[in-house]
Amino acid sequence: MKKNTSKLLDVIFENLIWLLVAASLIIFSSLSSSFRAPNNMAGLLYRSAALGLLVLGQSFTMITGNFDLSSESGLGLTAMVAALALASADNGGLGWEVSPFVAIVLMIGVGLLIGLINGFLITRLKMNNLIVTIAMQMILRGMVYIISPGSTASFFPKAFDWLGGGTLFKIPLEKGFFSFPVATLFVIIVFIIAHIITRYTQFGRNMYAVGSNLTAAKDAGIDSDRIVRIVYLIDGFCMALAGWLAAGRIDSATPRTGAGLTFPVQAAAVIGGISMAGGRGNMIGALGGLMLWSILDNGLSIIRVSPFWIETSRGLILLFAVFLDAVKVRQMHQRSLIDILMQSTIGLKDKTIVKK
Amino acid sequence: MNTTEKVMEKTPILSVEGVSKAFPGVQALTSVDFCVMEGEIHGLVGKNGAGKSTLMAILMGILEPNEGTIIVGDQQFHAMSPKEAIEKGIAYVPQHVAMMDSLTVAENILAGELPKTKMGLVDWKRVNSEAMERLGRLGLEMDVTKKVEGLGVAEQTMLAIAKALFGNAKLIILDEPTASLSRKDINRLFSFVKSLKDKGGSFIYISHHLEEVFEICDRVTVLRDGHIVGTAEVAQIDVPKLIVMMVGEDVEDYTRESTCQDEVVMELNGLERRGFYEDISLKLRKGEIVGLTGLQGCGVEQLGKGLFGLEPRGIGEIVIDNEEFTADKPIDSFNQGLAYLPQDRYRYGLVGLRSVRENVTYPILNKLIRLVNLINRREEKVIVDKFISELDIKTPSQEQPARLLSGGNQQKVVFAKLASTKPSVLVLHEPTQGVDVRAKMDIFRIIDDMAAQGVAVIIISTEIRELIGVCDRIMVMNDGRMTDEFKKGEKDMTPEKILAAIEGGKNNE
Amino acid sequence: MKKSLTILSVIAIAAMLLVACAAPAAEEAAPAAEEAAPVAEEAAPAEAEAVLVGYGAPELSGAQGQIMQGLIDHAEAKGWEVVTTNADFDAEAQANQMDDFISQGVNAIVTVPVDSQAICASVAKAQAAGIAFYTIDRAPIGCAVDMTVQSDNYLAGKQSAEAVVAFLTEKYGEAKGTVLELQGDLGQNVAQLRGGGFNDYMADYPNVTIISKPTEWDAAKFSSATLDVAGTTDIDAIYMHSDSVGTTVVLAALEQLGKKFQRGEEGHVFLAGVDGSPDALQAIRDGWSDQASSQPIPDFGIIADWIEKKLAGEEPTEGEVVQEGALWSPATIVLTDNGYQLNLATTSVSPDNADSTALWGNN
């Protein structure tokens, strides 16, 4: 009896994000006809596609119990690298005007390099992941300003913009067209792939093992450092894809592209149930977190809530997300506190010395 | 304690010869000989700090002994690495096992070797069926799709044992596995362990519950102060004998004159916390020293922590200095006249990295604050100096990090901290644990001095001989109730009678 | 199976509850919207359907707040409704906000672009949706909008030049001497025009030497250029392409060189600049500075007049626009690659009119 209710609660808790997504969709749709217009709906993921890729990378790192606060600058740097290579000298580029393919390869290379450096510093040099990535955020942003230098590069070939700004298909409506953005589909596909990786591959499960209990994972013979390194590589790859989406979206890369995304990224991941303590959450949940963020961003704007209130509401949502996370962590923490008290019955003295 | 012929026939799976290990200030193990046979459950008992954990750490390859050899199978080591220990099939199952909590039972079993489909993706059906099949071989039935965090403690322990066996463990060390289990769960765990023994598994079983040792073990070894007191077949020994082996008779006695005054300082009325203790009523007088003792799990520990506010206290009334004591967290307890010395001073009593000075004045800092938020350093220094000389704390300076002091001096620093709050009531939890004999005497002297100054002292301890030496009264707790009272000067106050009272409750069950 | 059923039922129940809660909320919101509407109708009874304008601010501090208020005032005077957003310097956020305007079906979008190039993607989208697009203060680069309203930067340069010439003539009896020109980012149209207006006028006075130093709008470079030039040469006047960036740092540099004197004192360096920032106006009142070509920032809102024409199907015509008594008059309309540009006259501020409340720097 008691077990059943707690199981039900578990199920609700695990899927809370989709309840919130459904609720916000219903509320905004009932408040505004502009919101429920097909074009607006299809644009929900399009508008936050770049954010979504960062959320994805962040979710990978968070599942292993790490963080990445550098991704916003990683996005900025990869976007700027591609933009400089693509744009003509008149439009702020270097005038190389490379083909979109070359630019994409280039930016993915930069993204992977960022991931490689992050992973190296964190696993090989055992530096704190939080501080490493904060430092990288500053370094990478600085590099954007150095290479740009400080100005915007714009106007790329259509093929490059297709992913971030293109339209997949158009259906004529009574008034105008319903156009379905490429980025919307892309984000969904990428999240499904990520879901498959995390749920159905040995590597994915090892990620959870590492994030859930590092010691136990090592005991099971999992090379945790290798897992974390690969995770940061994936994260770097995601930054590059995000950079591609962002640059394509506005057909430009500004020196500030991506700046300030760290908190939305964090918020969307945590709202989506990715625990800050590691080992918990799934990619479908993270997609839900992204959706909710997007819906609120778009919905509040459309029902003409003042810009100041939008900012406030974002803060409240973030608080709510961290609260949920804290509830989860507290559950675990209570257990470990009990552990400590229980363990104090057998010569903890010795164990403490062992630790030193 | 001779090993019998019958056991000698079996082959030892592990033996330890002449192992010693010293830490700064503490000789943890002194030429220990110890041997576990194949297909045996070997009990290991001893009081806190007797050296059980050190010995286990050496077996697991975490600590390197100063001298001695370890023989596993046919291979001889001076010291093993953790990796070698695992390769040799030694597995450790702690009281609370480290598992990947948010993952399922099946994943925990198959971590690192999940079955895959042809596409290279994880084959969840096979993960679950294989996990179930493996558990089945050991006679364990469990919902393998359940997350580990949803399992009970007994199941987690059994799962950990199973996991160790899947990893080809030959010798499994069970460290206090029943401490938080119900009787029903204990029975399940025991029958599981016994069934594994019948299949040839070997175990070292560490426990404070002596009757459990008799229930499950074949032989038992007693450790005391780092020495092996002896090894015995459980069939040839009983609980009182075992207790005598554990407690020993070589403790130097401390004696003191009673400083008990008439005025009541503290009164407990009907204190009750369900599942831990009930109906606790006690009057403490100025300068009185009262010992509280009992078996592990009798509730005396929780009572001490509850008084101080480290754990919930439950219901009931407490009066200190004629005022109701309402504190529910440590800092309030200090302010309302109650100070507590925790058993595990490393975790709760001391901030090892910080200086002696900071450790002493931490609870009274707000009394030292002058002008907005500045600490009066001169006054602080005077206070600390006074304690260093009064308690004879051996430290190069006030600024020495506390962790660099020896065990006895660390304990004195904690005492100084407690004394600095000028408490009316002092609750001490195993105050002499992990300190050498000389320091023990110093600590008794400190307790004595404080009592002489009118402080009422409660000592929670299993060191019965020490309690007899220092206490005016000794209360024995059984299953959360105070069952017996021994008064100084009465002829009943002997170790044997008290031990009988402690064990008595258990035997009546 | 059982699990998914549970999930489904939970979602269904929650959804029902939410609809129940949301419905009254929607009803509450509706009257609020209606309340706003009658006000609009009173102001413009002729309008059958209220015009909705989306305004995207790049940020909301200082002058940007005045630009936004100016637009709202002009639009509300016509009985229109304005939806405002704030991109907070983020070009992507601005793109999202432009999308939201399109979703809301606004009649026109007005924005101060965070980035002149990045805004083009949004311009294309709006135009595809048939929505008129206007920018304020900055023309887009790389695409064309319906109209950009901005200061007549050429005129601003010319106004400063006139003041400098008047000063030199008074000082030496004829227009001669040395002038330091602190240029903005010459890659930008704005700086080119502010420089052009100044130098074209000064070309008539060959005895005046002009030393030009680029600064890229960077306060540190304003300072170093002043130190370099004024430290080695005797200069009579300084012309700054932006007095909001330059006034404080240039005065500090002069002080460092011992060349900071008040108006009327021996050795006073004449200070002129474009913008008319609060700093500059205060310096003029205090006697340290002398002239500012003040931008008609609150008047940028008159773009509403051209939006109105556009909605009525009327295209702008090139030429001069005059309105008696208006500070921004005379204005000019020119057609460029980036669409029509409405250049509003700047106001030359001297010590005589530095207190005028019509100037944005005094608000």
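Every chain is numbered from 1 and lettered A, B, ... according to where its sequence line falls, protein lines coming before strand lines. The analysis underlying the following values was restricted to heavy atoms, covering all of them including side chains, and did not include hydrogens, waters or symmetry mates.
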Go through the atoms of [X] and report whether side chain, backbone, both or neither lie under 4.5 Å from a heavy atom of chain C.
X: A:Ser34; result: both
X: A:Asp161; result: neither
X: A:Thr257; result: side chain
X: A:Phe35; result: neither
X: A:Asn39; result: neither

Report the residue from A:Asn91, A:Asp251, A:Thr254 that forms a side-chain contact (heavy atoms from CB on, under 4.5 Å) with C:Gln117.
A:Asn91
Residue among C:Leu52, C:Thr84, C:Asp100 satisfying side-chain contact (heavy atoms from CB on, under 4.5 Å) with A:Arg304:
C:Leu52
Specify the closest pair of heavy atoms between C:Ala118 and A:Ser154, including all atoms of both residues, with the distance to one decimal.
N-OG, 4.4 Å
Minimum heavy-atom separation for C:Glu92 and A:Ala246, please, with both atom names.
OE2-CB, 2.8 Å
Is [X] close to chain A through its backbone or its side chain, or both, or neither, when contacts mean heavy atoms under 4.5 Å?
X: C:Asp88; result: backbone
X: C:Asp99; result: side chain
X: C:Phe101; result: neither
X: C:Leu60; result: side chain

With chain C, which of A:Asn298, A:Val305, A:Ile302, A:Asn40 has the greatest number of heavy-atom pairs at distances under 4.5 Å?
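Heavy-atom pairs under 4.5 Å are most numerous for A:Ile302.
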Neighbour count above 12 (heavy atom, 6.0 Å) for A:Phe263 CZ:
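Open: at most 12 neighbouring heavy atoms sit under 6.0 Å from CZ of A:Phe263.
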Please check if atom NZ in C:Lys125 has more than 12 non-hydrogen atoms from other residues, nucleotides or ligands closer than 6.0 Å.
yes
Find the distance between [atom1] ([X]) and [atom2] ([Y]) and round it off to the nearest 0.5 Å.
X: A:Ser48; Y: C:Asn96; atom1: OG; atom2: CG; answer: 7.5 Å
X: A:Arg249; Y: C:Ser122; atom1: CZ; atom2: OG; answer: 6.5 Å
X: C:Gln97; Y: A:Asp297; atom1: CD; atom2: CG; answer: 8.0 Å

Basic-acidic side-chain contact under 4.0 Å: C:Asp115, A:Arg256
no
Would you check if A:Ile250 and C:Gln94 make a side-chain contact, meaning some heavy-atom pair closer than 4.5 Å?
no
Sequence-distant partners of C:Leu186, side chain to side chain contact (heavy atoms under 4.5 Å, CB included), two or more places apart
C:Gln183, C:Ala191
Using a 4.5 angstrom heavy-atom cutoff, name the option from C:Ala91, C:Gly142, C:Gly130 with the most pairs to chain A.
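The candidate making the most pairs under 4.5 Å is C:Gly142.
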Tell me, please, which residues at least two apart from C:Tyr134 pass ring pair (Phe, Tyr, Trp, His ring centres under 6.0 Å).
none
